[in-house]
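Note sheet for the following structure.
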Number of protein chains: 2
Amino acid sequence: NWLVLVVQVLGVVSVVITAVWMGHYQGGFAWQSDPAREFNYHPLFMIIGMVFLYADGILAYRVFRNDRKVFIKILHACMHISALIFASVGLKAVFDSHNLRTPPFANLYSLHSWIGLFVVVCFGLQWVLGFVAFLWPKLGMGARTTYMPYHQFWGVALLILATVAALTGIMEKTAHVTNYSGLPPEGILVNSLGIILLVFTGLVVYLVTR
Amino acid sequence: NWLVLVVQVLGVVSVVITAVWMGHYQGGFAWQSDPAREFNYHPLFMIIGMVFLYADGILAYRVFRNDRKVFIKILHACMHISALIFASVGLKAVFDSHNLRTPPFANLYSLHSWIGLFVVVCFGLQWVLGFVAFLWPKLGMGARTTYMPYHQFWGVALLILATVAALTGIMEKTAHVTNYSGLPPEGILVNSLGIILLVFTGLVVYLVTR
Ligand code: HEM
Ligand code: HEM
Ligand code: HEM
Ligand code: HEM
Ligand SMILES: O=C1O[C@H]([C@@H](O)CO)C(O)=C1O
């Protein structure tokens, strides 16, 4: 399906734009030795994990429809655990960047952070429930069929919420774009990132729900 | 249905919170005589129009299922034209607040403004298409049935996008919350507004799509 290809291209482009934004315009990457630049891993890893890998993990079920069921299941579970690992490192980066700064800076005060933390926690729960229900120990047929519609609904709902988290985070970070109201190249890049993420998630939701 | 009642309560609460935020914490309301405070009508009118009236206009089809079809149609069209009028005044307020300031301030530079303008324009188109297709001149049965799924899909998609626009706008405006990272009462109020809008739209989408 060519729409799946379009989604892949948009996904790669949004990761590249985020890398350029943080790597070029916002001063590049560092780990704990430089907390201000450690922050820059946060947007990159959140978008790789909670948007790109998250969505591709869902699409795996559509793309590999004809392969052996257990193979798809393991792929789906692996992609979502990778998404969770990227997200955890991305969260570690932003918490570090607040706590290791002198003086330390507050955590979890913004609307963005509230939405974001909610999404990651629910995503973790969804992974555990999916694993227990469908892979191991693997519940009985009745329990699996009951849980499946919830698994599908929340899988899609949390993807939309993850995109909302990303957009509110982007919006918050535009306070650090020099001369944002003058629409400089960095501003156009960032606005494009937001629009591309919306189109990306819109297409994925369309592909999964039709 | 009690969920419809919950939605009404959440809708009224979000309008009240926005009024308190702008009216109490952000300096109150004024029209063109005071452009800085004219801005404050923007969030209020956008949330009344593009979130509350928009959603209730959709729900009218569920709530008044048993009334005469032409009555529901006119109600639905009226609520959505009211939504559009509120949105237009809300946009006029923010453009004025930029243009009438000394020196004037730029327009349409932010991700929020791009998403927001896209939503309002598409909403206007949807209204015209709905009016032409279903009310007057009223297309033939074939054209109406073809258009209907698109009308429903875009009606829901744009409601979600309107909520995204509201959340990015809220996030942008938190730059004006004094000591936001200290989680003052204003900060908690604003974060709650964002969460309530998400729950509100989530419930409306659930009610319309199930
Ligand atoms: C799904 C994606 C994302 C999630 C789940 C997420 C989650 C979070 C969380 C939980 C925090 C709180 C950290 C703390 O309190 O120390 C945070 C902070 C932050 N995030 Fe994100 N984030 C995401 C994407 C982004 C993106 C794409 C950007 C910007 C381009 C961004 C910008 C920020 C900023 C500026 C902060 C620090 C200020 C604050 O706490 O709000 N985030 N994020
Ligand atoms: C947070 C992690 C997860 C998310 C967000 C997620 C999301 C989703 C979504 C949205 C679907 C519907 C896909 C479609 O209809 O094409 C789905 C299907 C499915 N998921 Fe997950 N999933 C997660 C973890 C898991 C895990 C760990 C397993 C265990 C193997 C699993 C097993 C399944 C199965 C068996 C289906 C059935 C697909 C079908 O037959 O239509 N999921 N998942
Ligand atoms: C669906 C709801 C909304 C839509 C469609 C919308 C649309 C817009 C548009 C088109 C602009 C550009 C005006 C200009 O360039 O002069 C704008 C500006 C603005 N809006 Fe909104 N808005 C919405 C809700 C909100 C809310 C709830 C807030 C804050 C609580 C907000 C805060 C702002 C701010 C601070 C600006 C000025 C900076 C900028 O241009 O981005 N908006 N909005
Ligand atoms: C921007 C304005 C509008 C939006 C956002 C909108 C949105 C929607 C939505 C989401 C539905 C599905 C409701 C449901 O399934 O319960 C719907 C149904 C409908 N709308 Fe609109 N609408 C708009 C304007 C109009 C106008 C002007 C008319 C002309 C009368 C109209 C006529 C209809 C009709 C006839 C239905 C059929 C509902 C059914 O039988 O299930 N709409 N609209
Ligand atoms: O454009 C804006 O107008 C208001 C405020 O500056 C008016 O004083 C605001 O918060 C903006 O971002």
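All values below come from the heavy atoms of this structure, side chains included, with hydrogens, waters and symmetry mates left out. Residue numbers start from 1 in every chain, and the chains themselves are labelled A, B, ... in the order their sequence lines are given, proteins ahead of strands.
With respect to chain A, the highest number of heavy-atom pairs below 4.5 Å among B:L198, B:N107, B:V205 belongs to B:L198.
Exactly one of B:H80, B:Q8, B:H76 qualifies for a side-chain hydrogen bond (donor to acceptor under 3.5 Å, both in side chains) with B:D56. That residue is B:Q8.
The side-chain hydrogen bond (donor to acceptor under 3.5 Å, both in side chains) analysis of residues 193-210 of chain A, with sequence neighbours excluded, yields the pairs A:T163-A:T201.
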Which donor-acceptor pairs under 3.5 Å do the side chains of residues 181-196 of chain B make with protein atoms, sequence neighbours left out?
from	atom 1	to	atom 2	distance (Å)
B:E186	OE2	B:W21	NE1	2.8
B:E186	OE2	B:Q26	NE2	2.8
B:N191	OD1	A:L111	N	3.2
B:N191	OD1	B:Y180	OH	2.7
B:N191	ND2	A:Y109	O	2.7
B:S192	OG	B:I188	O	2.6

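If you measure heavy-atom distances from B:T174 to chain A, you find no contacts under 4.5 Å at all. If you measure heavy-atom distances from A:F118 to chain B, you find no contacts under 4.5 Å at all.
Ring centers of A:F86 and A:F52: at least 6.0 Å apart, outside the cut-off.
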